Number of protein chains: 2
Amino acid sequence: MVGLKERRIQHKEQFRAEILAAARELFSQEGYSQFSMRKLAARIEHSPTTIYLYFRDKDDLLFYICEELYAAFLKAVVEIRQAEPDPGEALRLILHQYIRFGVSHPEQYKTVFFTSPVVYGSPDSFMTKDTIALRSYRAFLDLISECIQCGVLQKNDCNMLAMVFWSAMHGLVTSIIFTRDFPMPDITLMADTLIDGLLKGHAA
Amino acid sequence: MVGLKERRIQHKEQFRAEILAAARELFSQEGYSQFSMRKLAARIEHSPTTIYLYFRDKDDLLFYICEELYAAFLKAVVEIRQAEPDPGEALRLILHQYIRFGVSHPEQYKTVFFTSPVVYGSPDSFMTKDTIALRSYRAFLDLISECIQCGVLQKNDCNMLAMVFWSAMHGLVTSIIFTRDFPMPDITLMADTLIDGLLKGHAA
DNA sequence: TCCCACCATTAACACCGTTAACTGTAATTA
DNA sequence: TAATTACAGTTAACGGTGTTAATGGTGGGA
């Protein structure tokens with residue numbers, strides 16, 4: 001019987017994926033604050049402890065949910081960058097994409113940034129562990145650096161500038177997703193205003 | 001015995017204030033995620049349920065902690081506005097103040113914005129209920145409006161512009177307080193970069 | 001003196017994340 | 001084939017959470 005062990009492993013990974021899928025679903029429906037291991041267990045019709053055979057703990061599970069999100073975002077970033085040769089315009093499009101992305105996945109977004117310290121570990125481990133989230137940030141950093149070099153943005157410490165740009169986007173996303181069902185100004189208008197203002201303010 | 005009832009009320013309010021003070025202290029020490037009614041009860045050496053005689057629930061208690069914070073911020077805003085006649089410069093100073101304020105009260109800041117929906121109620125109730133938080137926002141809105149009228153900022157919907165400016169500040173504060181103990185770029189430098197860029201980008 | 005209002009308490013409910021100990025089953029080895 | 005081992009999945013439990021209902025005690029007013 002060649003590959004019996006492998007079939008076991010395969011089955012295990014499949015079940016793991018099922019749990020993850022159920023978690024993602026439950027998560028999107030109930031929101032971060034209402035998500036619990038016990039509810040997830042009920043949904044997959046297993047005891048709560050079963051989940052712990054496939055994920056170290058709740059944070060570990062959430063981590064993989066978040067990585068899925070980042071993978072999709074990184075894909076979009078790469079596509080934009082390939083289609084748009086002008087770095088300034090690419091930056092503008094990517095910033096827009098970031099906001100659109102955050103706003104359309106509010107629960108995952110909250111999880112990544114607002115679960116007290118833990119999902120992506122300490123900041124130190126974030127910068128060393130190879131995650132898709134980190135790769136996304138690096139791609140963004142490179143683009144900022146490129147924009148400075150080719151004269152689209154004025155000379156500045158590119159780490160600092162990346163942080164500032166990202167923070168501003170992050171702020172808009174955050175304020176939007178935390179004030180859902182509120183008569184807010186039009187989202188794309190705000191995104192335009194923020195991004196264009198920022199780019200103009202930092203133009204070379 | 002004139003004022004016996006009043007003395008009772010006074011005593012009650014004093015105890016309430018003591019609970020609030022203990023809560024504030026516990027809160028700053030343990031952080032939002034570690035704060036609990038039971039720990040607070042232990043600290044004031046009463047049973048957990050006693051707190052419910054003075055506060056409707058946990059959110060109600062946190063609400064008053066947050067309001068304290070906003071009161072201090074609003075005071076600073078008013079002072080800046082009175083000392084600085086130029087609205088553009090006043091705006092710049094107030095934006096800086098906002099960041100400084102948020103960064104130096106991270107746990108309260110988190111509470112205000114990131115406790116799932118509740119501390120300040122639904123967005124709708126936020127806009128109707130007279131809170132210090134709302135008054136602060138109104139003061140900020142007025143200043144933006146003034147800046148547009150006197151030509152410091154380019155013409156735009158002032159509600160929208162206020163939201164964008166605030167979101168950007170909010171984002172920087174948030175990214176800083178959620179990445180504590182991280183080798184971040186200098187905070188005031190980032191604040192300068194963000195604020196100056198934004199003001200320049202939206203200058204008339 | 002009796003009663004009532006009120007403060008504070010204990011006990012309990014319904015959750016939560018997580019660990020330890022146990023059960024049954026299927027594969028491997030003697 | 002029989003014994004053993006590996007392992008998935010379970011139940012029970014621990015220690016924690018916010019909150020409510022019922023209860024005890026105490027002091028002021030009638």
Side-chain angles (χ1 to χ4, degrees), chain A residues 1-20 22-23 26-27 29-65 111 114-119 121, chain B residues 1-20 22-23 26-27 29-65 107 110-111 114-119 121:
Chain A
M1 273 284 175
V2 162
L4 225 165
K5 206 163 219 168
E6 287 156 28
R7 207 173 301 166
R8 266 280 252 271
I9 290 172
Q10 199 181 348
H11 181 77
K12 179 145 184 168
E13 286 193 355
Q14 191 192 320
F15 190 28
R16 202 189 120 101
E18 276 174 36
I19 296 176
L20 210 50
L26 179 63
F27 199 82
Q29 285 172 12
E30 301 256 359
Y32 169 73
S33 63
Q34 296 301 312
F35 176 89
S36 83
M37 297 298 261
R38 292 174 128 103
K39 281 184 189 169
L40 176 57
R43 182 168 289 225
I44 60 172
E45 288 176 318
H46 279 78
S47 81
T49 49
T50 299
I51 303 169
Y52 288 84
L53 299 173
Y54 298 86
F55 297 92
R56 205 180 59 254
D57 53 24
K58 192 184 179 184
D59 287 328
D60 190 40
L61 178 61
L62 294 181
F63 171 79
Y64 288 101
I65 290 182
T111 310
F114 304 116
T115 55
S116 294
V118 264
V119 172
Chain B
M1 276 280 178
V2 162
L4 225 165
K5 205 163 219 169
E6 286 158 28
R7 208 173 301 167
R8 269 280 251 271
I9 292 173
Q10 198 180 349
H11 179 77
K12 178 145 185 170
E13 286 194 355
Q14 192 192 321
F15 189 29
R16 202 189 120 102
E18 276 173 38
I19 296 175
L20 210 51
L26 178 64
F27 200 82
Q29 285 171 12
E30 303 255 1
Y32 170 72
S33 61
Q34 294 302 313
F35 176 89
S36 84
M37 297 297 261
R38 292 173 129 101
K39 281 183 188 169
L40 176 58
R43 182 168 287 225
I44 59 172
E45 289 177 315
H46 279 79
S47 82
T49 47
T50 299
I51 302 168
Y52 289 82
L53 299 172
Y54 298 85
F55 297 93
R56 203 180 60 253
D57 54 23
K58 192 184 179 184
D59 287 329
D60 190 41
L61 178 61
L62 295 180
F63 171 79
Y64 287 101
I65 291 181
E107 292 306 326
K110 286 180 199 171
T111 309
F114 303 117
T115 56
S116 294
V118 265
V119 172

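This one's a predicted model, so the numbers in the text were calculated from it and none came from an experiment. Each chain gets a letter, A, B and so on, in the order the sequences are listed, and its residues count up from 1.
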Carefully, step by step, assess B/F15 and B/T50 under the rule side-chain contact (heavy atoms from CB on, under 4.5 Å). CA-CA 11 Å; B/F15 189 29; B/T50 299; 4.1 Å; yes
For a quick check, with a 4.0 angstrom heavy-atom cut-off, what is the B/S/- contact string for nucleotides 8-14 of chain C, read 5' to 3'? BBBBB--
Atom pair distance, as rounded to whole Å: [atom1] in [X] and [atom2] in [N]:
| X | N | atom1 | atom2 | result |
| --- | --- | --- | --- | --- |
| A/F35 | C/dG17 | CZ | P | 8 Å |
| B/L40 | D/dT19 | CG | P | 12 Å |
| B/L61 | D/dT17 | CG | C1' | 15 Å |
| B/I51 | D/dT20 | CD1 | P | 13 Å |
| B/Q34 | D/dG18 | CD | P | 11 Å |
| B/E30 | D/dG16 | CD | P | 13 Å |
| B/D60 | D/dG18 | CG | P | 15 Å |
| A/D57 | C/dA20 | CG | P | 14 Å |

Residues in side chain to side chain donor-acceptor pair (under 3.5 Å) with A/E45, at least two apart? none
For A/E18, give me all partners under side chain to side chain donor-acceptor pair (under 3.5 Å), at least two apart in sequence or on another chain. A/Q14
Check this for me, if you would: do B/R16 and B/E13 make a salt bridge, where the nitrogen-to-carboxylate-oxygen distance has to be below 4.0 angstrom? no
Given the side-chain rings of A/Y54 and A/H46, with only the six-membered ring counted for Trp, is the space between their centroids under 6.0 Å? no
side-chain contact (heavy atoms from CB on, under 4.5 Å) for B/F27 and B/L40? Distances and angles first, verdict last. CA-CA 9 Å; B/F27 200 82; B/L40 176 58; over 6 Å; no
Is there a side-chain contact between B/K58 and the phosphate of D/dT19, meaning an N or O under 4.0 Å from OP1 or OP2? no
Per-helix bend value, the helix from C/dT1-D/dA30 to C/dA30-D/dT1, C1' rotation axes over five pairs per end, 10° rounding, shows 40°
Evaluate A/K39 against A/Q34 for side-chain contact (heavy atoms from CB on, under 4.5 Å), listing each step before the verdict. CA-CA 9 Å; A/K39 281 184 189 169; A/Q34 296 301 312; 3.8 Å; yes
Winner on side-chain proximity to B/S36, out of D/dT19, C/dT18, D/dG18, is D/dG18
Residues 47-58 of chain B vs salt bridge (Lys or Arg N to Asp or Glu O under 4.0 Å), sequence neighbours excluded, gives B/R56-B/D60
Hits for side chain to side chain contact (heavy atoms under 4.5 Å, CB included) against A/T49, two or more places apart or cross-chain, chain-then-number order -> A/S47
